[in-house]
Amino acid sequence: MYGKGILKGLSVSAKRFVETYLDDIRWLGRKRYGSQEGIAHRSGKDGRGIFTIQYPEEKLPLSEEFRFLPFLVYDEGQNGEKNLRCTSCGICAKVCPPQCIWIVRSSDPSTGRPIPDPAEFYIDADICMNCGLCAEYCPFDAIKMDHDYELASGSRIIYDKAALSKPAKYYESIRPINAARENAARSAKAAAHNEKPG
Ligand code: SF4
Ligand code: SF4
């Protein structure tokens, strides 16, 4: 029959429409919208009726491995100093497929020799394709992928060192499993180094 597909599609929409109200009644007194439980129910296999997320009032929970733009990790010193882990080795800039990382190394003002600290660090957020290779290849756990995806802007976004820098505590809060594994590996390496004779 001509138009059978259209009717079938409309019936699916109508079923969803009605089920939305029925599910609202089943959830009466509980928060079906704007609560993590409600979002999980609507996104799960038992969800009925509306299953879309009412963004920006509601947001889907992110998995630990979700990645958006990279950021630079710093450890906080005893007096609140921000000690960036980055040594400006340049590996992340080399492996970045679209070449959107620029680094300027610092140099010793008296000798002119390079020192392991970036004087400048830029990422062009409009070119970054969120692949995460920079974070994969960094030997110092100094650059990690962020969860923050609400970065809409009407103009080109290029982040500098200050904008990219975030504390290790923030990294641990968004990627607790990864951070714990890396911290343990760093501690083991440091312990092995200290045990070396001489
Ligand atoms: S973020 Fe890592 S890979 Fe990139 S320059 Fe700094 S230390 Fe090297
Ligand atoms: S996530 Fe990928 S594209 Fe973005 S800066 Fe890192 S390596 Fe480059």
Side-chain angles (χ1 to χ4, degrees), residues 56 59 61-198:
K59 289 169 195 168
L62 300 177
S63 73
E64 172 153 350
E65 297 304 335
F66 175 85
R67 57 174 195 260
F68 205 63
L69 287 177
F71 66 98
L72 294 173
V73 183
Y74 66 78
D75 295 303
E76 281 166 293
Q78 283 183 341
N79 299 317
E81 318 90 282
K82 297 177 179 177
N83 301 319
L84 276 180
R85 293 178 181 175
C86 177
T87 62
S88 66
C89 68
I91 290 175
C92 55
K94 278 201 186 82
V95 300
C96 174
Q99 295 287 285
C100 62
I101 301 178
W102 299 285
I103 304 167
V104 179
R105 293 188 94 175
S106 300
S107 52
D108 188 310
S110 51
T111 63
R113 298 181 71 170
I115 49 177
D117 179 40
E120 294 171 48
F121 199 114
Y122 299 98
I123 293 181
D124 189 332
D126 291 342
I127 295 179
C128 174
M129 56 190 214
N130 323 111
C131 65
L133 283 182
C134 50
E136 290 277 328
Y137 277 86
C138 176
F140 303 101
D141 295 327
I143 189 165
K144 295 292 175 190
M145 301 305 288
D146 210 341
H147 279 185
D148 186 9
Y149 55 85
E150 294 178 306
L151 308 169
S153 160
S155 54
R156 190 172 179 192
I157 316 175
I158 297 177
Y159 289 115
D160 63 9
K161 192 171 87 169
L164 289 168
S165 301
K166 296 192 177 182
K169 278 199 185 87
Y170 171 75
Y171 172 55
E172 286 162 12
S173 72
I174 61 168
R175 296 182 185 273
I177 298 171
N178 284 270
R181 189 185 60 236
E182 290 157 10
N183 288 345
R186 267 203 308 282
S187 301
K189 199 172 166 187
H193 183 76
N194 291 340
E195 276 172 18
K196 268 190 188 165

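Atom set for the values below is all heavy atoms of this structure, side chains included, hydrogens, waters and symmetry mates excluded.
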Check: [Y] main-chain N/O paired with [X] side-chain donor or acceptor under 3.5 Å:
| X | Y | value |
| --- | --- | --- |
| Asp124 | Asp126 | yes |
| Lys166 | Phe71 | no |
| Gln99 | Ala93 | yes |
| Glu76 | Pro167 | no |
| Arg85 | Asp75 | no |

Which pair of heavy atoms, one from [X] and one from [Y], lies closest together, and at what distance?
| X | Y | result |
| --- | --- | --- |
| Leu84 | Ser165 | CD2-OG, 3.6 Å |
| Leu151 | Ile157 | O-CD1, 3.3 Å |
| Pro70 | Leu164 | O-CD2, 3.6 Å |
| Glu172 | Ala179 | CG-CB, 3.6 Å |
| Val73 | Ala168 | CG1-CA, 3.7 Å |
| Ser173 | Pro176 | O-CD, 3.9 Å |

Atom [atom1] of [X] and atom [atom2] of [Y]: how far apart are they, to the nearest 0.5 Å?
| X | Y | atom1 | atom2 | value |
| --- | --- | --- | --- | --- |
| Cys86 | Ile91 | SG | CD1 | 10.0 Å |
| Leu133 | Cys96 | CG | SG | 8.0 Å |
| Glu120 | Arg105 | CD | CZ | 14.0 Å |
| Phe68 | Met145 | CZ | CE | 9.0 Å |
| Ile174 | Asp148 | CD1 | CG | 9.0 Å |
| Leu69 | Tyr159 | CG | OH | 6.0 Å |

pair [X]-[Y]: side-chain heavy atoms closer than 4.5 Å:
| X | Y | result |
| --- | --- | --- |
| Lys144 | Asn178 | no |
| Ile143 | Phe121 | yes |
| Glu136 | Val95 | no |
| Pro118 | Lys161 | yes |
| Cys92 | Ile103 | yes |
| Asp160 | Tyr122 | yes |

Practice task
Count the heavy atoms of every other residue, nucleotide or ligand shown that sit under 6.0 Å from OH of Tyr149, and state whether that count exceeds 12.
Solution key: yes

Exercise for the section: Report the C-alpha distance between Glu65 and Ile177 in whole Å, list the side-chain angles of each, state the deciding distance to 0.1 Å, and finish with yes or no for side chain to side chain contact (heavy atoms under 4.5 Å, CB included). Expected result: CA-CA 10 Å; Glu65 297 304 335; Ile177 298 171; over 6 Å; no

Handout entry: Pairing of Glu182 and Arg175 as salt bridge, 4.0 angstrom limit
Key = no

Exercise for the section: May I ask you to say whether Glu150 pairs ionically with Lys59, meaning some side-chain N is under 4.0 Å from a carboxylate O? Expected result: yes

Practice task
Please say which of Ser106, Pro109, Ser107 ends up in a side chain to side chain contact (heavy atoms under 4.5 Å, CB included) with Ile115.
Solution key: Ser106

Practice task
Mind running side-chain hydrogen bond (donor to acceptor under 3.5 Å, both in side chains) on Tyr170 and Asp146 for me, showing each step along the way?
Solution key: CA-CA 10 Å; Tyr170 171 75; Asp146 210 341; 2.4 Å; yes

